[in-house]
Number of protein chains: 2
Amino acid sequence: MGRPKAIDADLTREGIIDAAIRILNEEGLDALSLARIANALNVKTPALYWYFKSKAELYTYVADALFRGVLKGIDPSLTGRDLLWTFGLASRANQRTTRDAAKLISIAGVSEEIRTELVPALLDRIAKEMTPIQARKALTAIQALTLGWSVFEANPATSEVMRRSNDDGDAAYREALSHLVYGEIHREP
Amino acid sequence: MGRPKAIDADLTREGIIDAAIRILNEEGLDALSLARIANALNVKTPALYWYFKSKAELYTYVADALFRGVLKGIDPSLTGRDLLWTFGLASRANQRTTRDAAKLISIAGVSEEIRTELVPALLDRIAKEMTPIQARKALTAIQALTLGWSVFEANPATSEVMRRSNDDGDAAYREALSHLVYGEIHREP
DNA sequence: ACCTGAACACCGTTCAAGT
DNA sequence: ACCTGAACACCGTTCAAGT
């Protein structure tokens, strides 16, 4: 009856990130310490430093994984404003699903691949219907609105106020998003 | 030539908050520890616990002070959408001026007075031109956009990307804000 | 009433040492 | 190549003790 050594021992970047996301979601950002992650993986804290050079870098790759998760749920044939709309909803859904995801994104860095590959690719798809400048402005605005909305919602003091104007279908958020996405296209109701 | 005892000694809540804001602005959120604040006030760390019951409460009142600073700069005769517009710009200006203000707001709580007095008063002024529900939705959206925008901007990795579409006059932010404030009023250009 | 000294548990990080 | 043990400086918080 030896200890299950081989199973618990093989640490990987992906395994560490998965454990981090699980802890983030179940216990919140305050609980997301290196010691807590290491403990969940049956390993000592310094072991994590072989895979990540700092806690900041680990956080960056947690945010990276969350972002990829959002993109994976989006129909690859979408472009332009429809893509903006769907991206906003998917980001929002992810931040509503994973506790403290928005808080983590607020303080985490952005990985090389996201900055140099995924975001440019996303911008190209958006720019099928508008200029590159417009695409960049719109994407920035949507990310800002979504992140800020989730951050406010995570705050116990403000969330009560927000719920008074935002039903379970997230109508208020969707309304604000539509103003940013479809902006000048809209008419008076 | 005695030490200036009487001056350095009289600690107040306001003095602590002022010191905290100065450190936040000059050294960033990571440096905003109780030890650092106490040191700036020539006092030991536990002394702060006589004025605030925790670091979280202190942060709440720092955010409180920042919010009041924003309100102070707004013409009290403004109402409705013009108030929304001015409030957005004032919040944004404050978050651009004070380093890491947006990050602090992201993690800080909301004080009683802000939640029960200042925000309701603000909503009343906004609701002169629209329904209370619309006022609440609009204020939430504007706070979310502004906070999220500043958070993204504070991130070294994303700020470079953002600057490519946002000039010094903050045009991209203002454009997004106008979509939220004036929404359905707008026509196609 | 107001502040300190000392102690506590915890944190991120480094590094020599083991395998 | 991969992980541990031990140590470091720092953190928030508590509390008896001083004035």
Side-chain angles (χ1 to χ4, degrees), chain A residues 2-24 26-63 100 103-104 106-109 111 156, chain B residues 2-24 26-63 100 103-104 106-109 111 156:
Chain A
R3 285 156 290 126
K5 196 179 358 175
I7 295 176
D8 289 13
D10 76 319
L11 221 45
T12 62
R13 282 171 71 102
E14 211 176 290
I16 294 169
I17 291 167
D18 286 352
I21 291 178
R22 214 182 53 247
I23 292 165
L24 176 71
E26 291 172 3
E27 305 174 27
L29 184 60
D30 286 340
L32 195 61
S33 67
L34 295 182
R36 180 72 192 82
I37 297 169
N39 180 268
L41 294 166
N42 285 109
V43 113
K44 304 300 176 186
T45 307
L48 303 178
Y49 280 83
W50 201 88
Y51 298 89
F52 300 96
K53 74 173 212 280
S54 65
K55 185 190 174 190
E57 188 182 273
L58 200 166
Y59 275 23
T60 294
Y61 283 98
V62 170
D100 280 355
K103 268 187 186 172
L104 181 123
S106 297
I107 60 173
S111 70
Chain B
R3 285 157 289 126
K5 198 183 353 180
I7 294 176
D8 288 13
D10 75 319
L11 222 43
T12 61
R13 282 171 70 102
E14 211 176 289
I16 294 169
I17 291 168
D18 286 351
I21 291 179
R22 214 182 53 246
I23 292 164
L24 176 70
E26 291 173 3
E27 306 174 25
L29 183 61
D30 286 341
L32 195 62
S33 68
L34 296 182
R36 180 71 191 83
I37 297 169
N39 180 267
L41 294 166
N42 285 109
V43 113
K44 303 300 175 186
T45 307
L48 303 178
Y49 280 83
W50 202 88
Y51 298 90
F52 299 96
K53 75 172 211 283
S54 65
K55 184 190 174 189
E57 188 182 274
L58 200 167
Y59 274 24
T60 294
Y61 282 98
V62 171
D100 279 357
K103 269 187 184 171
L104 180 124
S106 296
I107 60 174
S111 71

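Quick caveat: nothing in here was measured; it's all calculated off a predicted structure. In what follows, chains are A, B, ... by sequence order, proteins preceding strands, each numbered from 1.
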Quiz item: Could you state the interatomic distance from CD1 (Ile37(A)) to CZ (Arg22(A)), rounded to the nearest 0.5 Å?
Solution: 10.5 Å

Quiz item: Can you tell me how far C1' of dT13(C) sits from CZ of Phe52(A), to the nearest Å?
Solution: 16 Å

Self-check item: Nucleotide nearest Lys55(A) when distance is taken to its side chain, options dG12(D), dT13(C), dT4(C)
Solution: dT13(C)

Practice problem: Let me have a per-nucleotide readout for nucleotides 14-19 of chain D, 5' to 3', with B, S or -, counting only protein heavy atoms under 4.0 Å. | Solution: BB----

Self-check item: Value rounded to 0.5 Å, distance of CZ in Arg36(B) from CG in Leu41(B)
Solution: 9.5 Å

Exercise. Select base, sugar-phosphate, or nothing to describe what Thr45(A) touches, counting heavy atoms under 4.0 Å on all strands.
Key: base

Self-check item: Distance in angstrom units between Leu41(B) CG and dC3(C) C1', rounded
Solution: 13 Å

Quiz item: Of the residues in residues 16-23 of chain B, which ones touch DNA chain C at a heavy-atom distance under 4.0 Å?
Solution: none

Practice problem: Examine dC3(C): is either OP1 or OP2 under 4.0 Å from a nitrogen or oxygen in the side chain of Tyr51(B)? Give yes or no. | Solution: yes

Practice problem: Give the rounded distance in Å between these two atoms: CG of Asp30(B) and P of dG12(C). | Solution: 12 Å

Quiz prompt | Whole-Å distance separating the CG atom of Asn39(A) from the P atom of dA9(C) | solution = 18 Å

Self-check item: Pairing string, 5' to 3', for DNA chain D - Watson-Crick or wobble contacts under 3.5 Å, brackets [ ] where pairs cross, | to another strand
Solution: ||.|||||...|||||.||

Self-check item: Spacing between Ile37(B) atom CD1 and dC10(D) atom C1', to the nearest angstrom
Solution: 15 Å

Practice problem: Indicate yes or no: at least one non-hydrogen side-chain atom of Ile17(A) is less than 4.5 angstrom from one of Phe52(A). | Solution: yes

Quiz item: What's the NZ-P distance between Lys44(B) and dA6(C), to the nearest Å?
Solution: 11 Å

Self-check item: Atom CD of Glu14(B): over 12 foreign heavy atoms under 6.0 Å
Solution: no

Exercise. Indicate the atoms forming the closest heavy-atom contact of Ala31(A) with Ile23(A), along with that distance.
Key: O-CG2, 4.0 Å

Quiz item: To the nearest Å, how far apart are Leu48(A) CG and dC3(D) P?
Solution: 10 Å

Practice problem: Search all heavy atoms of Gly109(B) against all heavy atoms of Ala63(B) and return the closest pair with its distance. | Solution: O-CB, 4.3 Å

Practice problem: May I have the distance from Glu57(B) (atom CD) to dT13(D) (atom P), rounded to whole angstrom? | Solution: 11 Å

Exercise. From the options Val43(B), Leu58(B), Ile21(B), Leu34(B), select the one residue that forms a side-chain contact (heavy atoms from CB on, under 4.5 Å) with Ile16(B).
Key: Leu58(B)

Quiz item: What are the two closest heavy atoms between Thr45(B) and Ala35(B), and how far apart are they?
Solution: OG1-CA, 3.5 Å

Self-check item: Validation row: Tyr59(B), Leu32(B) side chains within 4.5 angstrom (heavy atoms)
Solution: yes

Quiz item: Of the nucleotides dT13(D), dT13(C), dT4(D), which one has an atom closest to the side chain of Leu34(A)?
Solution: dT13(C)

Quiz item: Between atom OH of Tyr49(A) and atom NZ of Lys44(A), what is the distance when rounded to the nearest 0.5 Å?
Solution: 16.0 Å

Quiz item: Looking at the side chain of Trp50(B), which of dA1(C), dT13(C), dC3(D) is the nearest nucleotide?
Solution: dA1(C)

Quiz item: Any side-chain heavy atom of Ile107(A) sitting closer than 4.5 Å to one from Leu29(B)?
Solution: no

Self-check item: Residue pair Tyr61(B) / Ser111(B): nearest heavy atoms and the distance that separates them
Solution: CE2-CB, 4.1 Å

